[in-house]
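Only heavy atoms go into these numbers, but all of them, side chains included; no hydrogens, no water, no symmetry mates.
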Amino acid sequence: MDNNVQQDVNVLIKRRFEELTELKSKGFEPFAYSYDIDSNSEDIIKNFKEDEKRVVKIAGRIMALRRMGKASFAHIQDHEGRIQIYLRKDDIGDSYDAFRLLDIGDIIGVEGFVFKTKTGEISVHVTSMKLLSKTLRPLPIAKETVDEAGNKIIHDQFADKELRYRQRYVDLVVNPEVRDVFIKRSKIVSAMRNFLDSEGYLEVETPILQPLYGGAAARPFTTYHNTLDTTFYLRIADELYLKRLIVGGFNGVYEISKDFRNEGMDKTHNPEFTMMELYVPYKDYEWMMTFVEKMIHNICKNVFNKLEFEYDGKNITFGSSWKRVSMIDELKEKIGIDVLSADVKQLKESAMKLGIDIKGLETKGKLIDEIFSVAVQPELIQPTFVIDYPVELSPLAKKHRTRNGVVERFEGYVAGREICNAFSELNDPIDQRERFEAQGKMREEGDQEAHQIDEDFLRALEYGMPPTAGLGIGIDRLVMLLTNQTSIRDVIFFPQMKPEVK
RNA sequence: GGGCGCGUAGCUCAGGGGUAGAGCAUCUGCCUUUUAAGCAGAGGGUCGGUGGUUCGAGCCCACCCGCGCUCACCA
């Protein structure tokens, strides 16, 4: 038993090893192979009938323990919730001696009949018990009480955020609301996938290791392939490969997968994050706006069965059509200038008036983007599409069919946050080459996030890509919005952390 | 990267130069319908680390490490 676990023994762990040894010596297998159940905590409570004495077999983790000599009460927790069990030495004999050696955290299976205690709690009167897994570390267990108003009060809740993120398995055991968020996340992704499938689009997979990165403005992670003796980048977006597939003739493709961006981390940024990108041929961004409305509506209905949400104290309604505003018009109204005809100097003045630090904002596009995010974005609480972005911010989007200086692009905003980005995809290879070249110039001027020229992508466009509508949705942020979480770390099981130091 | 804050028992936290504390958890004894079970007793700490000031440092100072919040960049 001298392994790693015992190196950091403290008294509590040592005690558990002693119990383990004692259990083994008494013939109890502390780590069982299987246990067949026929019910669960929720089912038992929901379907309780007085005087029925229904016999059930359940399994779960001991979360509370009240021993009273030759009888004990405990709560066990399974996937559905918690239920109280009642054990007496008279009923289970030798197993009761094993039970004396159990701790909070141990996983057991029990068989018994359902009854209601004197104080009215539906419980299982155990007739046989089997230890399924002995815990060697103490759980940071909280206790719950209910005050006179009926509110649940949790005492000594496991609250250290660092520990909760690093040891998510413990967080999930002791903080049940955490599990609910992740179940919702899973259902949101399923609902989205089902919707996209039902619309006839094909889920595909494209490379994560890319010789060139593109499709977004971001700094990449680099890695290295030994046999090819080549540096690769972890993708920052799926876009350029998915559009190659549209060239190839698919009738709509989508990918739900991780992207990686080598940038700062905060409440809304994790270095790896999940993105859904969709490309549909023969459609444009107008069509895509309607599609997004339909898809989000569908997810809300299917996962939550509601359209009204509260986010960070704000009430949000996902109606069937979202407000649409022009970025340029909105800015004209807010700051009184036409950002398209304004020069860099005027834009800098406007930015400074708004209290923006203009350091590093040298181009019109970046200035406009920043002014927008300060002057307009926070007010976009109800679902809103902001349309028509400056060309230089959008090197992969088609120029607007009637309006000069802007592209056919929209971003969806909810609760002041961006949740999606879409455009009529640029399918003119000559225009695309010019845009890449303009990006190359920005790169030479020191913009590390500007696109590189992707010759293979240009070659693909030269073979002809149908007019196409493209969409990207940050899944983590969508989940945050729908589950009322203000930190991305609370919707990612294992958020990025500095490596643990011993 | 900048600013602010935090780090004391397994968990949640008090203590701010003079013997290291509480509740829960743990251990021993009693207890066969309890539920933050109860009663009686006990154990448990390199007070994040390293240096310094001091007769004496969880406490004051410096540096370091880790975390949280926030600002900047990005989705």
Checklist entry - If the C1' atom of B:rG38 is compared with that of B:rU33, how far apart are they to the nearest Å? => result 14 Å
Checklist entry - For A:Lys267 and B:rC69, is the shortest distance between a side-chain N/O and OP1 or OP2 below 4.0 Å? => result no
Pairs under 3.5 angstrom, nitrogen or oxygen only, protein versus nucleotides 28-31 of chain B, please.
unit_1: B:rC31; atom_1: N3; unit_2: A:Gly69; atom_2: N; d: 3.1
unit_1: B:rC31; atom_1: N4; unit_2: A:Gly69; atom_2: N; d: 3.1

Next on the checklist: Expressed as a whole number of angstroms, how long is the span from A:Ile13:CD1 to B:rG44:P?
Outcome noted: 17 Å
Checklist entry - Would a line drawn from the ring center of A:Tyr254 to the ring center of A:Tyr201 be shorter than 6.0 Å? => result no
Next on the checklist: Distance check, C1' atoms only: B:rC73 and B:rC67, in whole angstrom units.
Outcome noted: 22 Å
Item to check | Phosphate-side-chain proximity, A:Lys14 and B:rG44, N/O vs OP1/OP2 below 4.0 Å | outcome: no
Checklist outcome for this item: Sorted by chain and number, sequence neighbours left out, salt bridge (charged side-chain N to carboxylate O under 4.0 Å, His left out) with A:Glu42 holds for A:Lys46
Checklist entry - A:Ala98: what forms a side-chain contact (heavy atoms from CB on, under 4.5 Å) with it, not counting sequence neighbours? => result A:Leu23, A:Phe28, A:Met129
Checklist outcome for this item: Rounded to whole Å, the CZ-P distance (A:Arg88 to B:rU33) equals 8 Å
Checklist entry - NA contact type, A:His125, heavy-atom cut-off 4.0 Å: base, sugar-phosphate, or nothing? => result nothing
Checklist outcome for this item: Tested for side-chain contact (heavy atoms from CB on, under 4.5 Å) against A:Val325, the lone hit among A:Val386, A:Ile387, A:Asp388 is A:Val386
Item to check | Contact state string [nucleotides 8-13 of chain B, B base, S sugar-phosphate only, - no protein heavy atom under 4.0 Å] | outcome: --BSB-
Item to check | P-based separation of B:rG44 from B:rC27 [nearest Å] | outcome: 15 Å
Checklist outcome for this item: Sequence neighbours excluded, the answer for side-chain contact (heavy atoms from CB on, under 4.5 Å) partners of A:Ala237 is A:Ala216, A:Asp259, A:Arg261, A:Glu277
Next on the checklist: For A:Arg324, give me all partners under salt bridge (charged side-chain N to carboxylate O under 4.0 Å, His left out), at least two apart in sequence or on another chain.
Outcome noted: A:Glu286, A:Glu293
Checklist entry - So which pairs with a foot in residues 367-382 of chain A pass side chain to side chain donor-acceptor pair (under 3.5 Å), sequence neighbours left out? => result A:Lys334-A:Glu379
Checklist entry - Under the salt bridge (charged side-chain N to carboxylate O under 4.0 Å, His left out) test, which residues partner A:Asp454, sequence neighbours left out? => result A:Arg244
Checklist outcome for this item: Assign each of A:Glu121 and A:Arg16 the nucleotide of RNA chain B bearing its closest heavy atom; nearer the 5' end lies the nucleotide of A:Arg16
Checklist entry - Has A:Arg66 got a side-chain N or O lying under 4.0 Å from the OP1 or OP2 atom of B:rA37? => result yes
Next on the checklist: I'd like to check the salt bridge (charged side-chain N to carboxylate O under 4.0 Å, His left out) partners of A:Arg82; sequence neighbours left out, ordered by chain and number.
Outcome noted: none
Checklist entry - Quick one: which of B:rC73, B:rC24, B:rC67 gets closest to the side chain of A:Lys143? => result B:rC24
Item to check | With sequence neighbours excluded, residues passing side-chain contact (heavy atoms from CB on, under 4.5 Å) with A:Val181 | outcome: A:Thr483, A:Gln485, A:Val491
Checklist outcome for this item: Counting only Watson-Crick and G-U wobble pairs with both atom distances below 3.5 Å, the stems of 3 or more consecutive pairs that include RNA chain B are B:1-7 with B:65-71, B:10-13 with B:21-24, B:26-30 with B:38-42, B:48-52 with B:60-64
Next on the checklist: Between B:rA20 and B:rC47, how far apart are the two C1' atoms, rounded to whole Å?
Outcome noted: 8 Å
Checklist entry - Have A:Arg489 and A:Asn270 got a donor and an acceptor in their side chains that come within less than 3.5 Å? => result no
Next on the checklist: I need the full list of side chain to side chain donor-acceptor pair (under 3.5 Å) pairs touching residues 104-116 of chain A, with sequence neighbours left out, sorted by first then second residue.
Outcome noted: A:Asp106-A:Lys134
Checklist entry - Does A:Thr268 or A:Met497 map to a spot on RNA chain B nearer the 5' end, using the closest nucleotide for each? => result A:Met497
